[in-house]
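Note on naming: letters A, B, ... go to the chains in the order of the sequence lines (proteins, then strands), and numbering restarts at 1 for each one.
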Amino acid sequence: MPELPEVETIRLGLIPRILNQRLLGAHVRESRLRWPVPQDLNEKVQQHTLQGLARRGKYLLFDLGDGGLIIHLGMSGSLQLTPCEHPPGKHEHLDLLLENGQCLRFCDPRRFGAVLWCLEPQHHPLLAHLGIEPLAPEFDGQVIYRLSRGRSVPIKIFIMNARLIVGIGNIYANESLFLAGIDPRLPAGKLSRKQSHALAHAIQETLHRAIAAGGSSLRDFVNEHGQPGYFQQSYAVYGRAGKPCRVCGQPLCHITQGARSSFYCSGCQKRR
DNA sequence: AGAACCACCTGGCAGC
DNA sequence: TGCTGCCAGGTGGTTC
């Protein structure tokens, strides 16, 4: 599933290719996404110029000057630049038609994603309650320590809560906690200052590494060129239940937290 | 306010 | 080989 590094990779890849392009319209083939795609999307975007592409958490914000698009890739979404005449596949639900003859094609087999129009995307209700960006300079151990006081939820659930910290999905939550040497079951409020700093550092390190590697966390993820990413090959714990820890050799554990799989090493990751 | 749980969706895969 | 049924997972919403 596209996590923050994948979304950032897509954003960085698209910027030089679509910025300052005029939109000739939008072609919607399937409007039933997480929320319905606006019926009049074609009229909304027509003749607008793509002036910017920002990101908030995993939301991509396309600045069209007078309004903008909010796109979320959900769990299986991707965006590809492709010639307009290229026939769309089964799950390629909509095209944004560019003046250069290409289209930005939105594909999402599971339809958990979203394509919305908004006059002021930065102020959309969906973005209003989002927490701190883990890649922002002000994100550090002090922030984690302060946010986690008085909270009893397991630390893994805590770092995946987008109202507190945005963009950390299941895979990178598992990887970050391993790198920080923290047991995913540890109540957030029990985190020491030292652990908070280790965790902040581990989260940033994990995300930066994934972005540098081209960012991918799902077999069917493709970037804006249609190439698969390769970060999934270097997971330390995710999906490796029963296999030996790459650090200490102990078999890795698998538990369920908040209806999601957690993977950890009981030797390397401590509860205090 | 915080925590727990549910709904949405479909490709992929295990089991028969 | 083909069918059934379960799982994964981000996020907003509901319930406790």
Side-chain angles (χ1 to χ4, degrees), chain A residues 1-10 29-37 55-61 70-79 89-94 106-116 118 121 124-134 144 146-177 184-191 203 206-207 210 215-222 228-229 231-232 235 237-242 254-263:
Chain A
M1 58 306 316
E3 294 205 26
L4 188 146
E6 288 77 16
V7 177
E8 183 65 4
T9 300
I10 290 168
R29 289 176 288 274
E30 172 60 86
S31 61
R32 294 171 301 165
L33 301 183
R34 174 163 190 147
W35 298 286
V37 178
R55 179 186 59 74
R56 182 77 175 95
K58 297 177 191 169
Y59 292 94
L60 284 167
L61 311 177
I70 299 174
I71 295 187
H72 196 289
L73 299 175
M75 297 198 41
S76 57
S78 62
L79 284 170
K90 184 180 174 187
H91 303 294
E92 298 183 336
H93 305 312
L94 72 88
F106 176 85
C107 176
D108 186 6
R110 294 184 201 175
R111 291 196 272 122
F112 272 34
V115 177
L116 300 168
C118 183
H124 194 278
L126 281 174
L127 312 182
H129 302 109
L130 293 181
I132 188 169
E133 289 281 340
I144 290 185
R146 181 171 48 78
L147 287 175
S148 60
R149 292 312 89 185
R151 294 195 183 249
S152 60
V153 282
I155 187 62
K156 176 165 177 265
I157 308 279
F158 171 86
I159 61 172
M160 290 179 69
N161 183 345
R163 285 176 169 249
L164 304 172
I165 306 167
V166 292
I168 304 174
N170 197 35
I171 295 173
Y172 295 123
N174 279 295
E175 294 296 305
S176 299
L177 285 167
R185 297 166 296 179
L186 179 72
K190 296 276 176 70
L191 212 65
I203 288 170
T206 305
L207 296 177
S216 176
S217 55
L218 185 65
R219 285 181 292 273
D220 58 358
F221 171 76
V222 289
F231 186 71
Q232 70 270 21
Y235 293 152
V237 290
Y238 183 80
R240 298 192 63 240
H254 175 229
I255 56 172
T256 298
Q257 292 180 293
R260 265 160 198 82
S261 283
S262 295
F263 303 89

Residue-phosphate contact under 4.0 Å: [X] side-chain N/O, [N] OP1/OP2:
{"X": "His91(A)", "N": "dG11(B)", "answer": "yes"}
{"X": "Ser261(A)", "N": "dC7(C)", "answer": "no"}
{"X": "Arg110(A)", "N": "dG11(B)", "answer": "no"}
{"X": "Lys90(A)", "N": "dT10(B)", "answer": "no"}
{"X": "Arg260(A)", "N": "dG10(C)", "answer": "yes"}
{"X": "Tyr59(A)", "N": "dG12(C)", "answer": "yes"}
{"X": "His72(A)", "N": "dG10(C)", "answer": "no"}
{"X": "Arg151(A)", "N": "dG2(B)", "answer": "yes"}
{"X": "Ser76(A)", "N": "dT10(B)", "answer": "no"}

Rounded to the Å, how far apart are [X] [atom1] and [N] [atom2]?
{"X": "Met160(A)", "N": "dA3(B)", "atom1": "CE", "atom2": "P", "result": "16 Å"}
{"X": "Arg34(A)", "N": "dG13(C)", "atom1": "CZ", "atom2": "C1'", "result": "9 Å"}
{"X": "Leu164(A)", "N": "dG12(C)", "atom1": "CG", "atom2": "P", "result": "13 Å"}
{"X": "Glu30(A)", "N": "dC8(B)", "atom1": "CD", "atom2": "C1'", "result": "14 Å"}
{"X": "Asn161(A)", "N": "dG2(B)", "atom1": "CG", "atom2": "P", "result": "10 Å"}
{"X": "Arg56(A)", "N": "dG12(C)", "atom1": "CZ", "atom2": "P", "result": "12 Å"}
{"X": "Arg163(A)", "N": "dT14(C)", "atom1": "CZ", "atom2": "C1'", "result": "13 Å"}
{"X": "Ile165(A)", "N": "dT11(C)", "atom1": "CD1", "atom2": "C1'", "result": "16 Å"}

Carboxylate-amine/guanidinium contact Arg29(A) Glu92(A), below 4.0 Å: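 Looking at Glu92(A) together with Arg29(A), the answer is no, because their closest N to O distance does not fall below 4.0 Å.
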Is any side-chain N of the basic residue among Glu6(A) and Lys58(A) closer than 4.0 Å to the acidic one's carboxylate O? no
Students often get this wrong, so: under 4.0 angstrom with heavy atoms, is Ile157(A) touching a base, only sugar-phosphate, or nothing?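 No contact.
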Glu3(A) side chain to Gly169(A) backbone, donor-acceptor under 3.5 Å: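 Yes: the side chain of Glu3(A) pairs with the backbone of Gly169(A).
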Could you check which of dC8(B), dT11(C), dA4(B) has an atom nearest any side-chain atom of Val153(A)?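 My answer, after comparing the listed nucleotides, is dA4(B).
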Regarding Ser261(A) and His254(A), is there a side-chain donor-to-acceptor distance under 3.5 Å anywhere?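 The answer is yes; a qualifying pair exists.
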Pair of N/O donor and acceptor under 3.5 Å linking dT10(B) base with Arg111(A) side chain: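 Counting by modelled atom types and ignoring angles, no donor-acceptor contact under 3.5 Å is found here.
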Within a radius of less than 6.0 Å around CZ of Arg32(A), do more than 12 heavy atoms belonging to other residues, nucleotides or ligands occur?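 For Arg32(A), atom CZ is not crowded (no more than 12 foreign heavy atoms under 6.0 Å).
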